[in-house]
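Order of appearance sets the numbers: ligands from 1, and atoms from 1 within every ligand. The first residue in the sequence is number 1, and the count goes up from there.
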Amino acid sequence: MDRFVYTGLPARVIFGYGTIDVLAAEVNELGMTRPLVLTTPEQAATGERVMSILDGKTGGLFAGAVMHTPVQVTNAALDIFSQSDADSLIAIGGGSTIGLGKALALRTDCPQLVIPTTYAGSEMTPIIGQVDQGRKTTQSSLKVLPETVLYDVDLTLSLPLPLSLTSGMNAIAHAVEALYAVNANPVLSLMAEEGIRALAQALPAIANNAKDRRQARYDALYGAWLCGICLGSGGVALHHKLCHVLGGTFDLPHAQTHTAVLPHALAFNAPNIGSAMERLRHALATDDPAGCLYDIASTGGAQMALRDLGMPKAGIDQATELALQQPYANPRPLSRDGITALLSNAWSGARPGAA
Ligand code: NAD
């Protein structure tokens with residue numbers, strides 16, 4: 001890190017308990033007059049709540065967001081956006097809803113106010129992934145970066161424990177890789193270490209009491225915000241590449257796949273990332289960061305084996321091949337044996353050895 005580049009991304013962030021009470025003021029601040037409200041079918045009631053807070057001054061509610069941002073869903077939402085004369089967007093939900101908002105912003109360049117209710121971190125990034133006819137493509141554009149992000153800890157209390165854990169591990173993965181990605185820099189390393197520390201403390205407490213409003217849910221969302229900045233302003237490496245390949249090839253669930261792979265990707269890279277490991281030991285208060293991350297997730301009840309998520313055993317060779325076909329910048333050079341061993345361990349769900 002003798003030489004580095006840091007690119008800060010513009011976003012207004014409101015954070016705390018009950019911050020939904022400033023929603024109408026923030027909508028005004030952004031000059032939105034008819035925002036289309038977006039969410040998933042499962043969170044339709046949360047979308048209705050936003051509608052009632054804004055007292056009908058919206059372009060309507062589209063509660064049809066789904067995972068992976070399929071273009072057909074975007075087109076359906078775009079029709080409603082045009083028909084209702086909407087001038088802006090409010091996305092309330094996890095990465096799937098936020099992805100839909102980004103897809104609409106990409107096409108309309110309208111302002112977005114985002115209210116994240118998971119820890120996935122998409123709200124802090126200019127990245128959008130979309131699926132068209134079974135093919136996922138990813139691009140980066142400042143058009144999709146939300147103007148305002150309103151984090152309300154109270155809205156995360158309903159996040160079920162399994163998703164809380166895996167979503168938190170998904171966030172930690174962003175920060176872990178920002179520590180050793182090619183464009184790592186000291187500012188992001190500070191945020192990464194703090195984000196990992198906050199989430200690693202919060203997740204076991206949430207596993208004990210998923211409705212722990214006071215500290216654990218606050219810390220988890222705070223950590224997720226910092227980890228999201230790491231993803232948005234930093235870079236990624238082998239872990240994210242593998243999760244992308246696994247998700248796309250075997251249709252594995254996003255956050256769960258990150259959870260099962262992260263300890264093994266970190267154990268693989270550990271010999272080549274001395275200063276990042278030092279930060280991780282500090283953040284996690286352990287000599288064995290990879291094992292510690294595995295323990296946090298598995299003790300909380302997360303599934304740690306890719307085979308239990310639906311990956312066939314033959315997929316280990318297939319995914320290894322795909323990962324090697326388009327090599328990704330990674331601190332430890334990729335080898336067939338190394339990737340196969342990493343994926344075999346993640347497939348069976350074994351605990352990584354001490355790093
Ligand atoms: P998700 O948005 O798919 O949500 C999973 C389920 O949980 C949904 O049914 C949702 O409605 C529900 N849910 C969300 N918050 C809830 C709450 N507080 N209470 C009750 N239910 C709640 O899951 P996710 O893991 O947040 O997002 C995954 C998607 O985000 C993937 O498609 C991934 O590719 C994308 N993603 C994108 C980026 C990026 O920078 N572009 C970053 C991270 C993730």
Side-chain angles (χ1 to χ4, degrees), residues 9 11 20 38-50 62-71 73-74 91-103 105-106 112 114-131 136-146 149-175 177-178 206 210-211 213 217 220-221 224-225 227-236 239-241 243-248 251-259 302:
L9 295 174
I20 194 91
L38 305 171
T39 193
T40 59
E42 295 82 11
Q43 288 181 281
T46 312
E48 294 289 356
R49 188 169 161 213
V50 168
F62 181 85
V66 296
M67 190 88 107
H68 303 316
T69 328
V71 168
V73 174
T74 301
I92 182 161
S96 297
T97 299
I98 297 168
L100 174 61
K102 286 175 160 184
L106 185 67
Q112 303 174 77
V114 168
I115 310 170
T117 62
T118 69
Y119 307 131
S122 178
E123 66 280 359
M124 283 292 129
T125 85
I127 307 160
I128 161 119
Q130 303 182 86
V131 173
K136 181 163 182 175
T137 52
T138 303
Q139 62 180 293
S140 184
S141 164
L142 281 179
K143 268 190 192 178
V144 309
L145 187 73
V149 178
L150 200 154
Y151 287 103
D152 186 335
V153 181
D154 289 317
L155 294 174
T156 62
L157 292 182
S158 55
L159 192 62
L161 173 60
L163 188 54
S164 300
L165 272 174
T166 55
S167 190
M169 294 300 289
N170 184 196
I172 289 176
H174 306 328
E177 294 231 292
I206 290 173
K211 302 268 180 215
R213 176 174 184 265
R217 285 292 187 182
L221 194 59
W225 167 44
C227 293
I229 297 174
C230 290
L231 182 66
S233 291
V236 292
H239 167 78
H240 280 75
K241 166 75 177 175
C243 291
H244 188 85
V245 165
L246 294 168
D251 198 25
L252 303 186
H254 179 82
Q256 293 89 325
T257 304
H258 273 270
T259 303

Item to check | Nearest neighbour in protein (non-hydrogen) for atom 19 (N) of ligand 1 | outcome: Ser158 OG, 2.8 Å
Next on the checklist: I'd like to check which ligand 1 atoms, numbered from 1 as shown, lie under 4.0 Å from a non-hydrogen atom of Glu42.
Outcome noted: 9 (O), 11 (O)
Next on the checklist: Can you report which non-hydrogen protein atom sits closest to atom 24 (P) of ligand 1, along with the distance?
Outcome noted: Gly95 N, 3.5 Å
Checklist outcome for this item: Counting heavy atoms under 4.0 Å, the part of Leu157 that contacts ligand 1 is neither
Checklist outcome for this item: For Gly94, the atoms of ligand 1 under 4.0 Å from one of its heavy atoms are 2 (O), 26 (O)
Checklist outcome for this item: Thr40 heavy atoms within 4.0 Å reach ligand 1 at atoms 10 (C), 11 (O)
Next on the checklist: Tell me whether Thr156 has any N or O atom under 3.5 angstrom from an N or O of ligand 1.
Outcome noted: no
Item to check | Shortest reach to atom 41 (N) of ligand 1 by a heavy atom, considering only Leu100, Ile127, Ile98, Thr117 | outcome: Ile127
Checklist entry - Numbering the atoms of ligand 1 from 1, which are under 4.0 Å from a heavy atom of Lys136? => result 34 (O)
Checklist outcome for this item: Nearest non-hydrogen protein atom to atom 43 (C) of ligand 1, with distance, is Ala120 O, 3.4 Å
Checklist outcome for this item: Nearest non-hydrogen protein atom to atom 18 (N) of ligand 1, with distance, is Leu155 O, 3.0 Å
Item to check | Nearest-neighbour protein heavy atom for atom 5 (C) of ligand 1, which is reported as residue plus atom name and distance | outcome: Leu163 CD2, 3.6 Å
Next on the checklist: Evaluate Thr97 for polar contact with ligand 1, using N/O atom pairs at a separation under 3.5 Å.
Outcome noted: no
Checklist entry - Which residue supplies the protein heavy atom nearest to atom 38 (C) of ligand 1, what is that atom called, and how far is it? => result Ser122 CB, 3.4 Å
Checklist entry - Does the pair Gln112 and Glu123 meet the rule for a side chain to side chain contact (heavy atoms under 4.5 Å, CB included), with working shown? => result CA-CA 10 Å; Gln112 303 174 77; Glu123 66 280 359; over 6 Å; no
Checklist entry - By number and element, which atoms of ligand 1 are closer than 4.0 Å to a non-hydrogen atom of Lys102? => result 39 (C), 40 (O), 41 (N)
Item to check | atom 16 (C) of ligand 1: nearest protein contact (heavy atom, Å) | outcome: Gln43 NE2, 3.2 Å
Next on the checklist: Counting only heavy atoms closer than 4.0 Å, does ligand 1 sit against the backbone of Thr166, its side chain, both, or neither?
Outcome noted: neither
Item to check | atom 3 (O) of ligand 1 [closest protein heavy-atom partner, distance rounded to 0.1 Å] | outcome: Ser96 OG, 2.5 Å
Checklist entry - For atom 33 (C) of ligand 1, which candidate among Arg217, Gln256, His254, Met67 provides the closest heavy atom? => result His254
Checklist entry - In terms of atom number and element, which parts of ligand 1 are under 4.0 angstrom from non-hydrogen atoms of Thr125? => result 39 (C), 40 (O), 41 (N)
Checklist entry - With a 3.5 Å cut-off and no angle check, do the side chains of Thr117 and Gln43 form a donor-acceptor pair? => result yes
